[in-house]
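Numbers here simply count residues along the sequence, with the first being 1.
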Amino acid sequence: MPGGGKTARAIAVLTATLTAYLTCVPRTTAAEPPPPKLKSETRQVFERYVKLTDVRNQAELERGTNLLWVDELPDPQRSEAYAALKRGEVKMRKLETRENGGTISCPSGLIHHWVGLVFLPGANLRDVLAILENYDRHSVYYAPDVERSKIESRDGDHFLVFLRFRRHKVVTVVLNTEHRVQYFRDAPGLAHSRSSAVRIAEVENPGKSDEREKSPGDDDGFLWGMETWWRMEERDGGVYVQSEAASLTRDIPTGLGWLIGPFVTDIPKETLTFTLEATRKAVQGLTSPH
């Protein structure tokens, strides 16, 4: 039959693609393949990475000057970056914490590390903290990324908060998470915070009658760890807000980069950018005359 060979090859490619998709997307059949469980060595490497990042952050905070990542840029790049911030841009930079000058290899996992910076004209530090610490309304400020939010407990500047994330990139993933957060008022017009996810559970069948949480670390591996460092500096007629985030996900299996890759590689940067833009919008809503 004319074209029969091409048709057969097309069907074979389509069948292989569909098979790859079904082996990755969560299913409820008895033939469901085992998920990429979080291995202890993967978790330990991420914990070491976070500890080294904490050390660097603490040293910079103790130094007390040039606290924003753009301050490290040489002129004229630094001046250009500040001009872009004043125009409303979010300045992003990919980071990598190294150990003794070498790359930290994470077996069976990927570490994603970004820092972002935004300028909030006309705001003051009190305004920014009022938004960031109001976790009960984060599902409003940071919708649609945050579906639900609440303060589970608070002791002064220490918080335990619940956040339910919905993230979409080729696939949609819903996560129930708990975070311990501490805020520090360093000086007039200067503050920082440290947040650590203490529980991350992927939600299966979200919003349905059979919704359930998968066991943390025994899931599809879209988010296994999340650590953030915020800095806020009031000057130049507003507040500079910087957020640094390191997250841990599964690695990308061979042949499934088209499905898994966009989520685990693009989402960290896109989410951080959105978070900073949403923070600016929320603070502007707080300070705008009604």
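- Looking only at atom types and distance, the side chain of Tyr240 has no donor-acceptor partner in the side chain of Asp71 under 3.5 Å away.
- For Phe165 and Phe222, the distance between ring centers is not under 6.0 angstrom.
- Counting non-hydrogen atoms of neighbouring residues, nucleotides and ligands closer than 6.0 angstrom, the NZ atom of Lys39 reaches no more than 12 such neighbours.
- For Phe159 and Tyr183, the ring centers sit closer than 6.0 Å to each other.
- The residues Glu202 and Arg166 are annotated as not salt-bridged, no charged nitrogen and carboxylate oxygen being separated by less than 4.0 angstrom.
- Here CD of Glu152 is found 10.5 Å from CG of Asp136. Values are rounded to the nearest 0.5 Å.
- For Asn176 and Glu213, the side-chain atoms include at least one donor-acceptor pair closer than 3.5 Å.
- In this view, Glu89 and Arg87 satisfy the salt bridge (Lys or Arg N to Asp or Glu O under 4.0 Å) rule, not counting sequence neighbours.
- The 12-atom threshold is exceeded at CZ of Arg194, counting heavy atoms of other residues, nucleotides or ligands nearer than 6.0 Å.
- Counting only N and O atoms by type, the side chains of Ser196 and His179 include no donor and acceptor under 3.5 Å apart.
- Under a hydrophobic clustering in which Ile, Leu, Val, Met, Phe, Trp and Tyr are joined whenever their side-chain heavy atoms come within less than 4.5 Å, directly or via other members, Met226 and Val50 fall into different clusters.
- Every residue meeting the salt bridge (Lys or Arg N to Asp or Glu O under 4.0 Å) condition with Glu244, not counting sequence neighbours, appears here in chain and number order: Arg56.
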### Query
Could you walk me through whether Arg231 and Asn57 pass the side-chain hydrogen bond (donor to acceptor under 3.5 Å, both in side chains) check?
CA-CA 10 Å; Arg231 297 180 188 177; Asn57 264 280; 2.8 Å; yes
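- With respect to Asp75 and Arg78, a salt bridge is recorded, a charged nitrogen being found less than 4.0 Å from a carboxylate O.
- Between Arg48 and Glu99 there is a salt bridge, since a side-chain N of the basic residue sits under 4.0 Å from a carboxylate O of the acidic one.
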